[in-house]
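Excluded from the calculations below are hydrogen atoms, water molecules and symmetry mates; all remaining heavy atoms, backbone and side chain alike, are included. Predicted model, so just to flag it, every value in this text is computed and none were measured.
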Amino acid sequence: MSVKTILTEPNKLLRQISKPVENVGDEERRIMDDMLDTMYAAPGIGLAAIQIGVPKRIIVMDISRDEDKKEPRYFVNPVIKNKNNKTSKYEEGCLSVPDQFAEIERPNECEVEYLDYNGKKQLLKADGLLATCIQHEMDHLEGVLFIDYLSKLKKSMIIKKLSKIKSNRIIV
């Protein structure tokens with residue numbers, strides 16, 4: 001298990017649609033383990049495989065927020081089966097859009113079908129923060145970032161700010 005580099009906006013890979021996983025094997029479990037290590041090190045509560053440059057439909061998350069009691073979740077080929085009409089707003093951030101946050105409105109409940117860490121089919125009814133996190137990470141699988149929900153002006157300001165930060169970096 002190792003910590004990988006997280007791609008940041010603007011990066012063409014982040015806008016790519018991820019491909020389905022044919023079966024969950026050792027390679028996919030290694031990717032999920034690396035993703036979890038990377039997410040915890042960042043620190044974050046969710047990560048999609050594309051964010052580390054792997055265009056597969058895999059996401060991991062842990063919304064427990066308790067250092068001593070981690071509760072990792074693994075989702076392979078997740079599909080949202082149902083979304084509630086009621087919505088809620090959370091201030092979202094993203095490891096691929098560093099230091100930027102915005103209030104995003106999403107359905108407050110969803111049902112997601114997926115394969116777990118061992119390739120077993122699961123169905124989860126999620127609400128609150130878990131539902132928001134699932135939807136946020138699943139957007140990554142479609143090449144969508146949370147900033148895409150913002151007005152063109154707000155989005156362009158964030159991208160401009162990120163571009164300036166990148167251009168001033170010196171990597172040795």
Side-chain angles (χ1 to χ4, degrees), residues 1-9 11 13-14 16-21 24 27-84 87-149:
M1 297 188 292
S2 63
V3 174
K4 302 295 184 185
T5 300
I6 297 173
L7 304 177
T8 56
E9 178 73 359
N11 185 305
L13 274 177
L14 291 171
Q16 185 174 317
I17 295 175
S18 297
K19 295 185 178 6
V21 172
V24 179
E27 179 187 342
E28 287 73 24
R29 282 188 282 277
R30 181 188 50 77
I31 291 168
M32 287 187 271
D33 291 340
D34 288 348
M35 289 171 63
L36 208 60
D37 286 347
T38 303
M39 181 191 77
Y40 286 138
I45 62 171
L47 190 71
I50 195 65
Q51 291 178 272
I52 60 166
V54 178
K56 292 187 176 191
R57 297 185 78 77
I58 300 173
I59 59 177
V60 299
M61 63 186 66
D62 186 343
I63 62 167
S64 67
R65 298 181 188 217
D66 186 347
E67 273 299 309
D68 300 325
K69 199 173 184 183
K70 294 182 177 175
E71 296 175 14
R73 295 176 183 261
Y74 309 89
F75 300 82
V76 179
N77 296 336
V79 175
I80 292 180
K81 293 295 187 178
N82 270 322
K83 288 183 184 180
N84 193 346
T87 61
S88 58
K89 289 182 181 180
Y90 278 94
E91 186 175 53
E92 293 185 26
C94 181
L95 297 173
S96 291
V97 187
D99 303 319
Q100 302 300 311
F101 301 90
E103 207 169 73
I104 305 295
E105 187 171 4
R106 297 182 187 271
N108 69 350
E109 290 181 1
C110 67
E111 230 174 55
V112 61
E113 187 176 273
Y114 62 98
L115 301 177
D116 65 15
Y117 188 82
N118 296 306
K120 193 173 179 185
K121 195 173 190 174
Q122 302 288 336
L123 183 66
L124 172 70
K125 190 170 189 170
D127 62 2
L129 180 60
L130 180 59
T132 295
C133 193
I134 287 169
Q135 292 170 76
H136 174 109
E137 297 307 329
M138 286 183 65
D139 276 351
H140 280 293
L141 304 180
E142 300 301 324
V144 175
L145 299 176
F146 83 97
I147 59 173
D148 296 337
Y149 291 98

Quick one: closest heavy-atom pair of Lys4 and Ile52, and the distance? CB-CG2, 3.8 Å

d(Asp127 CG, Glu111 CD) to nearest 0.5 Å is 11.5 Å

Quick one: list whatever passes side-chain contact (heavy atoms from CB on, under 4.5 Å) with Asn108, sequence neighbours left out. Asn84, Lys86, Ser88

Those residues at least two apart in sequence (or on a different chain) that pass salt bridge (charged side-chain N to carboxylate O under 4.0 Å, His left out) with Lys121 are Glu113

The salt bridge (charged side-chain N to carboxylate O under 4.0 Å, His left out) partners of Glu142 (sequence neighbours excluded) come to Arg57

Using the test side chain to side chain donor-acceptor pair (under 3.5 Å), find all partners of Ser96 that sit at least two apart in sequence or belong to another chain. Gln51

Going by the ring-ring contact (aromatic ring centres under 6.0 Å, His included) test, which pairs reach into residues 30-60, not counting sequence neighbours? none

dist Met39:CE -> Asp34:CG (nearest 0.5 Å) comes out at 13.0 Å

Could you tell me which residues satisfy side-chain contact (heavy atoms from CB on, under 4.5 Å) with Pro55, sequence neighbours excluded, listed by chain and number? Gln16, Ile50

Can you tell if the side chain of Met35 reaches within under 4.5 Å of the side chain of Val54, non-hydrogen atoms only? no

Inter-residue atom distance Leu7.CG - His140.NE2, 0.5 Å rounding: 10.5 Å

I want to check something: taking the side chain as every heavy atom from C-beta on, are Pro72 and Val60 in contact at a cut-off of under 4.5 Å? no

Residue pairs fulfilling ring-ring contact (aromatic ring centres under 6.0 Å, His included) with at least one residue in residues 51-79, sequence neighbours excluded: Tyr74-Tyr117, Phe75-Tyr114

Find the distance between CG (Leu47) and NE2 (His136) and round it off to the nearest 0.5 Å. 9.0 Å

Looking at every non-hydrogen atom in both residues, tell me the closest pair between Gly119 and Leu115 and how far apart they are. O-CD2, 3.6 Å

Note, Leu129 side chain near Ile45 side chain (heavy atom, < 4.5 Å): yes

Chi angles and distances behind the side chain to side chain contact (heavy atoms under 4.5 Å, CB included) call for Leu124, Ile134: CA-CA 11 Å; Leu124 172 70; Ile134 287 169; 4.0 Å; yes

With rounding to the nearest 0.5 Å, note down the distance linking CZ in Arg73 to CD1 in Ile59. 11.0 Å

Qualifying ring-ring contact (aromatic ring centres under 6.0 Å, His included) pairs with a residue from residues 47-66, counting only residues at least two apart or across chains: none

For Asn118 against Arg29, the heavy-atom pair lying closest together: CA-NH1, 4.0 Å

Do you know which two heavy atoms are closest between Val3 and Ala41, and how far apart they sit? CG2-CB, 3.9 Å

Using the side-chain contact (heavy atoms from CB on, under 4.5 Å) criterion, which residues pair with Gln135? Sequence neighbours excluded. Ile80, Lys83, Arg106, Pro107, Cys110, Ala131

To the nearest 0.5 angstrom, please state how far the OG1 atom of Thr38 sits from the CG atom of Leu95. 9.5 Å

With sequence neighbours excluded, residues passing salt bridge (charged side-chain N to carboxylate O under 4.0 Å, His left out) with Glu28: Lys56

Minimum-distance pair of heavy atoms, taken over all atoms of Met138 and Val112: SD-CG2, 4.1 Å

I would like to know whether Met32 and Val24 meet side chain to side chain contact (heavy atoms under 4.5 Å, CB included); could you show each step before the answer? CA-CA 10 Å; Met32 287 187 271; Val24 179; 4.0 Å; yes

Please identify each residue that fulfils side-chain contact (heavy atoms from CB on, under 4.5 Å) with Ile147, with sequence neighbours left out. Glu9, Arg15, Val97, Leu145, Leu150, Lys155, Ile158, Ile159

Heavy atoms only: give me the nearest Gly93-Phe101 pair and the separation to one decimal. CA-CD2, 3.6 Å

